[in-house]
Structures are given as C-alpha cells and as structure tokens.
Amino acid sequence: MDKQSLANPGIGKNYNHKEHEEKIYKSWEESGAFKPRPYSLKHKAYSIVLPPPNANAPLHYGHAMYTVEDVLIRFHRMKGFSTLWLPGADHAGFETQVVYEKHLEKIGKSRFDFDRDTLYKNIWDFVQKNRGTMESQLRRLGFSLDWTKAKFTLEEDIVKTVYKTFKKLYDDGFVYRDIRLVNYCTKHGTAFSDLEVEYVEKTSKLYFVKYKIEHSKDTITVATTRPETIFGDSGIAVNPKDKRYKKYVGKNAINPLNGRIIPIFADSFVVMDFGTGALKVTPLHDENDFELGKKHNLKNFQVIDFRGKLTKEAGEFEGQKAITARDAIAQKLKNEGNLEKIEEFKNSVGTCYKCGNPLEPLPLEQWFIKTNELAKPAIKAVKKGQIKIIPKRFEKIYFQWLENIKDWNISRQIVWGIRIPAWKNTKTGEWVVTEGDAPRGADWVQDTDTFDTWFSSGQWPFATLLSKNENAKKPNAKSLYKKYYPLSVMETGYDILFFWVTRMVMLGIFATGKVPFKTIYLHGIVRDSKGQKMSKSKGNVINPLEIVEKYGADALRMSLIAGAGAGNDQNYSEEKVRGYRNFANKIWNATRFVSNLEKTNDKNLPALAGPKLQNSKTQNDFNKKLNKIINEATKYIESYNLNQAAEIIYDNFWHWFCDKCIEDSKRGRLSASDLKYGLEVFLKLLHPFMPFVTEVCWQNLKNNSLLINQSWPSMDKWPKI
RNA sequence: GAUCGCUUAGCUCAGCGGUAGAGCACUUCAUUCACAUUGAAGGGGUCGUAGGUUCAAAUCCUACAGCGAUCACCA
C-alpha cells in the first residue's frame, strides 16, 4: 500500500475493475438486457451472429476483436433497435481432431485405438468442456450476447439444416462424386480442399532422368523433382512446337525403372523452356498429369498409398516411405546410367497446414460441389450493393477469388464432424443422398466421411435462426429467421474471407434465396508487439484473459478499437492497454467528482449555482460542443469508423470535459446540473466501447437503472448547430 | 507472374483534398485540489522518393524504392 492510500483509506480513488466486472455482467444477463426487445415497426431488427469460435480451445487474442460486434450491438440497442446477437461454437472438425489426437498422443494412444462411435463420443465430451471455458471468456470480455439462443454446429437442428442444404444441392445438380486427385495428408489421414493447402517455398532437387526410346539408341531426358514416382509413369509429353522432340512423337519410351513401354505424345501444356522440355506423366501422383492422362487415355498406376508408402508398383522398394526412398531410387538410376544430373531449384510445395508435411496428391473418390454457378449470384450481390464490404478494398479480392473458383471437395476422412448423408447400395453400387435418414432396404451403407467444417459453418447465418422443421422459403411467422434474416452485419477477420465469408454468401443465397447479411465488416489481425503473427509454435501468444485480469476488459476493448481502422492489422501493446486502463480511472474519478457535488448540499459551492447561469455564454458553448460530439460520434459509428468514434469521444471526454468543463465548474462558470448532464452523455457515448466502467459510474449517479438499456444521446435536446 | 496493403514526431499508429494529430517516451513546473493510473506549459515531423492534377495534396493520379500480405504457377 502506498502513502496515498494510507492517507485516504477506503475512499476508492482508483477504479478497480476486479470489483465490478463480473458482478455487472451478471446483472445485465439476469435483467434480460441481452435479449432483443420486442420487434416492431418502431423497434427495427438489428442482428449479428457471432462467428462461432472453435469449441476445442480457449479464446485467443484475435477473438477479442469481436468487440467490434459488441460496440455495434450496444449502439443499436441504445438506438432502440430490436437487437439480436447470437453466440455459438464450431465443432471445427479437422482442427479439433488434431487437437484431440495430440491429447491422445500424450496418453500414449491414437485414433486407431477406438471405434468410430467411441472416438466421436470422447471428442464430444472433450469439446463440451472446452466450450464452457470459451463461453465464460466471451462473458469476461463483456460481450452482450443472448446466451439463451446459443448454438453448436453439431446440434440436431443445425445438422438437419445442413442435410437439407446438401440434399437440395444434390437434387439441383450441384453435387457430384468423382475420383480425383486430392490433397492428402498421409499423417492426418484426410484430404483437404485446395484452399487449405499451404504452399511453402523450398529448395528442391531437380533430377534429370534418361528414358530410352524404343527400337532406337536415342534417349529422351526428362526433369523431375520426384523420381520415386517414375514407377507410375505412363507417358512422356512434349510441346507440339518443340523441334527437338518432334521426331519422337508417336514413338514409345522405356520406363528406366520397370521397363514399361510408354507413349511419347504432344500437348501444348508442356512448357518448352522448363527443364528439358520433356515431361514425364504420372497420372495418379500429380494433378496436371492426371488431366493429361485423362485427355490422352494413359494408364494409371498408383505408386504411393494413403500412408505415404510405396506400393508393389515400386518393386523392391515396396513398403518404404515414398519420401525417404527417393535418394535410394535416384542412386539406382545413377548406378544404371540413367541419371544425367541433379540441379537445385526453388519451388513451392503444398504442405499440410497443421503438420507441415508435404501433401500427397492421391486419387480418391470424394464429394465435390460445383461452385461456378453458386459463385455467380454471390458476385452479383456485391456488385449490386446488396452486400457491402468494409473496407471496400476487399471487394476486389472477393471478386477475384469467386471469379476463379474451383470445385470444392467437401469430403473429409475424419470422424469428428457431420457425417455425409449419402448411402451406397452394396449390391448395385448406386448412391443415394437423403436428408439424414437411411434409405429403405437392407443393402445401404452410409459414407464414412464427414463434411468439411466450412460446409456447415457456411450455413451459419440461417442455420442458427431456423427452427428444426422450418423451411427457409416458407418461414414460420414468429421465427427468428423471419425477423432477423438477413443479418445486418457479418463481422470477422479478413483472413477467413475465402474460407468462410464467400461460402456463406454462396450457400446463403442458394438455400434461402436471400443474401445472408447486408454488410461484411472485416477486421485485421492482432500481432505481437514486434509485428509477428502470434502462434503457439513461436511462443508469442498472448492470452487475452490475462490482460483482462490485469487491466480490465474495458481497457483491452478500447485498445483494440481505437487506433486501428477496419481491415488493418495492429500490434499488441501493453502500454496502450495501460493507457486505456488509466482512461477508465479517469471516467471513474470524473463521476466521483460529479456525484459528490450532487450529494453535498453545500449551497456555497459555486458549481451548484446552476440556475443563475442558465443561458450564459459558457453554457451555450457547452451545449453546442456536446451536441457536436454526439453528432460526430454517431456518424462515425454509423459509417463503421469505430476507431474514429472511440478517439473523438476519448479525446473530448478527457481533454475537454475533464480538463476544461470540470475546472470551469469549480470556478462557477458551469452549473452542476450541466456538468451532470454532460457526464451522462459521455457515459452513454462511451458505453459501447467500455461497458463495465460506464455502467458502474451510471449506477453511482442513478441508482436504479441500467446504462445498457438507456437511449443513445439525442441530438435534438439542443438546437442544431 | 498478378493483386492488395503499408511507408506520417524517438517508438506504436490515427488522419486520407482546406493552417501537421494521439498515445508512449522526453524537458520544465505543480501535490492537503475528482483523479499522480493527475494537471499545466514545452521541445520534436519539408507526412518514403520523383513527377503530375488542383486556388489548395500527407490526403487524388503516375512511376520508382523498401517492407508486408494474398492468390496463381512451378516437371
């Protein structure tokens, strides 16, 4: 305890967030303040659905950016809207399974030790536990979410909606099943969509391998980074314009590893000045080769299996890891005089974003969604202004992606997720898609795969609002869907624009015929104090709850909103948070001053000589200025310039209201009633940003009402400027 | 290869057509005063470079440089 506190015990000169925050949150929640007020013509709907955090882990610092949503919700609630802010949790299929498998690893087990149902149930329990942690953290941040409407992506009614959408996509011809080369992680045992592949620049070896021409002494040299796939070669391609190789087109070459006779053919796909200008074609282990193989009717040989090991096609190398066998195979080629040289060069290798191992392109039968026709209305919706993207520069990125979209592989070979409602007839091989129920008869077996998580979260805006047996095209009169869909805003990080936002627009329009939300607000990434992305492996992760504990949620929230515009990254700064903690204290003390004025009955205090000062020049200026601040702050929030709103309120409260007006009141130039009115206005303006301290202060001034339910300051009280 | 963003005070960043801003840091002063988690005063920037548009440019346009990001290709 310092000297100051010893001298003034118990007076509470400093705002202590720990004393208030949890209590205040409880009082809001218990009062029902988070529930939307009855929807009516007067109280128009305003709705946001929280991007559901993964249910497998505590919150990370980026989640605190959802403060943006709380600001918008609290602002609109005070403006009189019927505001719905719906929380939820995402089962996060693959992500969660990886987290859970790490947990299993620690106790010396693996996913193979359990049958499907047991594994699913165990992960379910694991997730429920973490979900609770995550939700209590959202409360600590002060988010005014309507917890009575919380959803989970694996709940029965959500799954039902996801099934309906899939069935409709299937019936309308948007879903097909095909054997294609997919991006497969042999460690995690599942395929990914193209979007999930992480390309890493690496220095690789380029092997120049000689193939003999059949019935000739000539050889043709090809360049490859993957000699171990030579066992699967079924052709050599050259460019039709390439004079060097014209004479070989139509002839055959001999595979140097297994002696197989393979055709040499021409295709303009081949780039003449890369490598030797001759390309070995391995249809089952390279996507381009797969296309070439189909086009030229080449044979298919699978050399690598789903565990990443060489198959019997590899002869003596069978059973070895494909990657580690590479050197030995190169050595064999060299020993037999078929390796011309090895060069080093840089290329990017598609890797698993979780384990970093190279992904193996492997042939697998999967469910795909044709995205081309789904993308068109999504593009149109933004072009026509039915959806507005903030900041605007992301529109271009949005268009670019949707205009070049590829079909979407939605099958995942994992247990944790929504199992695909497709059944195969064991006798006829026929596939049937249903809305979840097994088809009649005994010969149907359900697909063991689950949906890509983004397929279900892509339906989140309407799936959360529809009730179990409701149809989006014919909603129930009183349903949430009818009142709150389309959502007013979808607010999320720009890093999941492609993964999530575009998919929500495509699936939303497809399933409901309406855009899922009117505005997309994209926030930036919070990096560490040096500008590095926070990551567990770097060990630079900052736990937002520790900051809340130390400085209060208000300080953390304000630090994230002020000083960073939409879509811009920001660096974490403890000094900044501390600065806003000090600001909370400033608010506290200004309130202490004003409420003491009120409680004192000392008529000699100049500040209480209010009535005499009516219509004085000072008061007039005071009103004008206050009015101007309300006006600007409101405009800034309504135009999504939250940082500017926060900054002008902060600046004017501290350096005008506290430094000037309070001092004026001490000198009798401003009445106590004016001062109190001004403080109330500022508490309201600050409330969306710093809800806890403003609520505490409000209750110090007016004991029996909640600030959260007050009206936003009106600009009509004083004459327009 | 394409696209996007950033470059403003020592540091971190707002501002994005109308006399250079904030926080932190720094200098000086003030403490029985709502608040030292404070107040007052002050120092510090030709707003990346070069052109252009404009009565007026940190702000719009064009090039260039450095940094960062995303997408595509990669035998």
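By convention in this document, chain letters (A, B, ...) are assigned in the order of the sequence lines, proteins followed by strands, and residues within each chain are numbered from 1. Predicted, not measured: the structure shown is a model, and the values here were computed from it.
A straight line from CG of A:Leu195 to C1' of B:A72 spans 13 Å, rounded to a whole angstrom. When rounded to the nearest whole Å, the span between CZ of A:Arg527 and P of B:C11 equals 20 Å. As rounded to whole Å, 12 Å separates atom C1' of B:C73 from atom CG of A:Asp286. Separating the CD1 atom of A:Ile649 from the P atom of B:G23 is a distance of 17 Å, rounded to the nearest angstrom.
A:Gln570 places a side-chain heavy atom less than 4.5 Å from the side chain of A:Leu560. Residues A:Ile262 and A:Leu298 have side chains not in contact (no heavy-atom distance under 4.5 Å, counting atoms from C-beta outward).
When the side-chain nitrogen and oxygen atoms of A:Asn589 are compared with OP1 and OP2 of B:A36, none of them lie within a distance under 4.0 Å. Between A:Lys13 and B:C35 there is a side-chain N or O to OP1 or OP2 distance below 4.0 Å. Contact annotation: A:Asn14 side-chain N/O to B:C35 OP1/OP2 distance is not under 4.0 Å. For the OP1/OP2 pair of B:A34 and a distance below 4.0 Å, the side-chain nitrogens and oxygens of A:Lys666 include at least one atom meeting the criterion. Between A:Asn643 and B:G15, a side-chain N or O to OP1/OP2 separation shorter than 4.0 Å is present.
Counting any heavy atom pair closer than 4.0 Å across all strands shown, A:Asn568 reaches sugar-phosphate atoms only and no base atom. If you check every strand for non-hydrogen atoms under 4.0 Å, A:Gln570 touches nothing. Counting non-hydrogen atoms under 4.0 angstrom, A:His655 reaches the backbone sugars and phosphates but no base. Within 4.0 Å of A:Lys202, counting heavy atoms only, lies no atom of the nucleic acid at all.
The base of B:C24 does not come close enough to the side chain of A:Ser573 for any donor and acceptor atom to sit less than 3.5 Å apart. Within 3.5 Å, a donor on the side chain of A:Lys586 pairs with an acceptor on the base of B:C35, or the reverse. Put simply, the side chain of A:Asn571 and the base of B:U12 share no donor and acceptor less than 3.5 Å apart.
Ion pairing between a basic and an acidic side chain is recognised when a charged N comes within 4.0 Å of a carboxylate O; A:Glu680 and A:Lys684 show no such pairing. Using a cutoff of 4.0 Å between basic side-chain nitrogens and carboxylate oxygens, A:Glu228 and A:Arg326 are scored as salt-bridged. Using a 4.0 Å cut-off between charged side-chain N and carboxylate O, A:Lys666 and A:Glu663 make a salt bridge.
The C1' atoms of B:C33 and B:U38 are separated by 11 Å, rounded to the nearest whole Å. Atom name C1', nucleotides B:U19 and B:U46: the rounded distance is 15 Å, in whole Å.
Relative orientation of the A:His20 and A:Tyr15 rings is parallel, given thresholds of 30° and 60° on the angle between their planes.
With A:Asp233 as the fixed residue, the side chain to side chain donor-acceptor pair (under 3.5 Å) test singles out one of A:Lys299, A:Arg260, A:Lys280: A:Lys280.
With pairs defined as Watson-Crick or G-U wobble and both atom distances under 3.5 Å, the stems of at least three pairs that touch RNA chain B come out as B:1-7 with B:65-71, B:10-13 with B:21-24, B:26-30 with B:38-42, B:48-52 with B:60-64.
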